[in-house]
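Have a look at the structure below before the remarks.
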Amino acid sequence: MLRLLCAMIVLMFAMTGSVLADSPDRPKENVEADASTRQVAITSSFTGTEILVFGTVENSVQPSPEAGTYDIIVVVEGQPAPAVVRKKSRVAGIWINTTSMQFAVVPSYYAIASTRPIDEIADKAFLDTHQIGFDHIRMAPSGEGDADATENFRQALIRLKEQQRVYVKRDFGVTFIGRSLFRSTIALPPNVPVGPLTAKVYLFKEGKILGQYESRVSLNREGIERFIHNFAISQPLAYGLTTVLLAVAAGLAAAFAFRKPV
């Protein structure tokens, strides 16, 4: 009898907790996030850097960091730009470009990190709508093309971007460091395209989106890098002549330096 009574009490508390958890009066979970820096200086000595994306789950009901109650997806995306992919073929023993395809708009930089593989977090429709993940980024060719050929060039472009380290994917790159606090480190390589970056954070629970947050990070040229860039853009003719003169001067200097004495 005593055991039955104890079991009933435990069941009542469990049901009460479930009702409270599902109660409409309970504050809804949401996400607040930000990046560790809002501006990155690109100089002539820039060798790459990292930015930290961190945040918190408001009104978290997660009992511990290891519980896995929530899933987080972090996407850091650069400005869209056109891209051309060329295919080489061997002709008469020589590898030359034979076919190519131009994509009108693709992200110049794209990094994605998540608490686990994104296909286990959200359905395909949501990933397609928000362009989350390499397979869900919209890459439309500039002209008409065969569907199979377009997909092959699309996959080739993604592979090239990954080799250049401007497309990065980390399936377990977001970690919780508390009941509500999480963090993720995003690497920016030396060849990262200069321009604004958009950092987006998505919060999921049992496959449902609970909230999202967006912040921006600016990549700006500084120092001699900025001077040369502005000079090349504003005075292209003078920049070209200066480059030629410097190349000639360097060649003459090298010739004199290595000239054998008579």
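Reckoned from all heavy atoms, side chains included, excluding hydrogens, waters and symmetry mates. The model shown is predicted, which means the values in this text are computed figures rather than measured ones.
Nearest heavy atoms, E162 versus F134: OE2-CE1, 3.4 Å. Closest of all the heavy-atom pairs between F46 and L188 is CZ-O, 4.5 Å. Between P193 and L219 the shortest heavy-atom distance is O-CD1, 3.4 Å. Across all their heavy atoms, G133 and I118 have their closest contact at CA-CD1, 3.7 Å. Pairing each heavy atom of D119 with each of H136, the nearest pair is OD1-NE2, 3.9 Å. In terms of heavy-atom proximity, Y109 sits nearest to L197 at CD2-CD2, 4.1 Å.
Taking CZ of R159 as the reference point, atom CD of Q164 lies at 13.0 Å (rounded to 0.5 Å). Expressed to the nearest 0.5 Å, how far CD of E58 lies from CD of E32 amounts to 4.5 Å. To the nearest 0.5 angstrom, I96 atom CD1 is 9.0 Å from K88 atom NZ. Separating the CG atom in N30 from the CG atom in N59 is a distance of 8.5 Å, to the nearest 0.5 Å. Between the CZ atom of F153 and the CG atom of D148 there is a distance of 12.5 Å, given to the nearest 0.5 Å. If you take CG on D34 and CG on L52, they are separated by 10.0 Å, rounding to the nearest 0.5 Å.
Residue pairs meeting the ring-ring contact (aromatic ring centres under 6.0 Å, His included) criterion with at least one partner in residues 188-210, sequence neighbours excluded, are F126-F204, H130-Y202.
Inter-residue side-chain proximity for V166 and S108 is flagged as unmet; no heavy-atom pair is nearer than 4.5 Å. In this structure, the side chains of E214 and T198 come closer than 4.5 Å at one or more pairs of heavy atoms. With a 4.5 Å cut-off on side-chain heavy atoms, I72 and V201 count as touching. Contact annotation: the side chain of L127 never approaches that of D135 to less than 4.5 Å [non-hydrogen atoms, C-beta and beyond]. No side-chain heavy atom of P65 sits under 4.5 Å from any side-chain heavy atom of L181. The closest side-chain heavy-atom distance from I137 to R154 is below 4.5 Å.
Clustering ILVMFWY residues whenever any of their side-chain heavy atoms sit less than 4.5 angstrom apart, transitively, puts F54 in a cluster other than the one holding L203. A single hydrophobic cluster is not seen to contain both V85 and V105; linkage of ILVMFWY side chains at heavy-atom distances under 4.5 Å, directly or through other members, places them apart. Linking ILVMFWY side-chain heavy atoms closer than 4.5 Å, directly or via other members, places I158 and V168 in two distinct hydrophobic clusters. V31 and L210 end up in the same hydrophobic cluster when Ile, Leu, Val, Met, Phe, Trp and Tyr side chains are linked at under 4.5 Å.
With R170 contributing its side chain and T185 its backbone, the two residues share a donor-acceptor pair below 3.5 Å. For the pair D71 (side chain) and T115 (backbone), a donor-acceptor distance under 3.5 Å is absent. Between the side chain of R179 and the main chain of Q62, a donor-acceptor pair closer than 3.5 Å is present. Side-chain N or O atoms of E29 include none that pairs as donor or acceptor with a backbone N or O of S60 at under 3.5 Å. A donor-acceptor contact shorter than 3.5 Å is absent between the side chain of S184 and the backbone of V53. In terms of modelled atom types and a separation under 3.5 Å, the side chain of R183 and the main chain of I177 share no donor-acceptor contact. Checking side-chain atoms of T37 against main-chain N and O of Q39 turns up a donor-acceptor pair under 3.5 Å. With hydrogens and angles disregarded, a donor-acceptor distance shorter than 3.5 Å links the side chain of Y70 to the backbone of V61. Judged by distance alone, the side chain of Y167 and the main-chain N or O of P107 form a donor-acceptor pair under 3.5 Å.
For the side chain to side chain donor-acceptor pair (under 3.5 Å) test, no residue two or more places apart in sequence or in another chain qualifies with K169. For T175, there are no side chain to side chain donor-acceptor pair (under 3.5 Å) partners at least two apart in sequence or on another chain.
By the 6.0 Å contact criterion, CZ on R116 is enclosed, its count of non-hydrogen atoms from other residues, nucleotides or ligands being greater than 12.
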